[in-house]
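What follows is a set of notes on a single structure, which appears directly below.
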Amino acid sequence: MITMEFDYDKLAEALRPVLREEVQSFMSESLQKRDLPPLLTRKEMMSLLRISHDKAAELTARPDFPVNRAVGRLLFPTDKLFEWVDRHTQWVEENTGYFKVS
């Protein structure tokens, strides 16, 4: 019969830096989202996503990309933009090996 024993103090010590990093990342992202306006201009969206004018034009032409054209200029709902990024990041994870660690 095989038995295993855990040294919970060593396990906690090993996990502490990983948990700290994840919590800091979550808090940073949460604060960033909270500090953004509800609607982003094209320049703000480009800065947030770190993309060029060409990539912004390509994204805004997509039918699934969240953009509000009703006010005579392009505005991007911040919450919908983050949802779109989350949905498409998941697609990349599930359909490619881009995020896999070798």
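Numbering starts at 1 and runs along the sequence shown.
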Are side-chain heavy atoms of [X] and [Y] found at a separation under 4.5 Å?
{"X": "L59", "Y": "F76", "result": "no"}
{"X": "L39", "Y": "P77", "result": "yes"}
{"X": "L81", "Y": "L49", "result": "yes"}
{"X": "L75", "Y": "L40", "result": "no"}

Checklist entry - Roughly how far, to the nearest 0.5 Å, is the NE2 atom of H53 from the CZ atom of R42? => result 7.0 Å
Item to check | By side chain to side chain contact (heavy atoms under 4.5 Å, CB included) - contacts of E83 (at least two apart) | outcome: K80, R87
Item to check | With D9 via side chain to side chain contact (heavy atoms under 4.5 Å, CB included) - residues at least two apart | outcome: D7
Next on the checklist: Is it the case that the side chain of T78 and the backbone of L36 share a donor-acceptor pair, with hydrogens and angles ignored and the cut-off at 3.5 Å?
Outcome noted: no
Checklist outcome for this item: E44 meets the salt bridge (Lys or Arg N to Asp or Glu O under 4.0 Å) criterion, sequence neighbours left out, with none
When the side chains of residues 64-72 are checked against the rest of the protein, which donor-acceptor pairs come out under 3.5 Å, sequence neighbours left out?
unit_1: D64; atom_1: OD1; unit_2: R62; atom_2: NE; d: 2.9
unit_1: D64; atom_1: OD1; unit_2: R62; atom_2: NH2; d: 3.3
unit_1: D64; atom_1: OD2; unit_2: R62; atom_2: NH2; d: 2.9
unit_1: D64; atom_1: OD2; unit_2: W84; atom_2: NE1; d: 3.4
unit_1: D64; atom_1: OD2; unit_2: H88; atom_2: NE2; d: 3.0
unit_1: N68; atom_1: OD1; unit_2: A70; atom_2: N; d: 2.8
unit_1: R69; atom_1: NH2; unit_2: T60; atom_2: O; d: 2.6

Checklist entry - What is the minimum heavy-atom distance between M45 and A56, and which atoms define it? => result CE-CB, 4.0 Å
Checklist entry - If every non-hydrogen atom of S52 is compared with every non-hydrogen atom of M46, which pair is closest and at what distance? => result C-CE, 3.8 Å
Checklist entry - Got a sec, which pairs hit salt bridge (Lys or Arg N to Asp or Glu O under 4.0 Å) with one end in residues 48-57, sequence neighbours left out? => result K55-E58
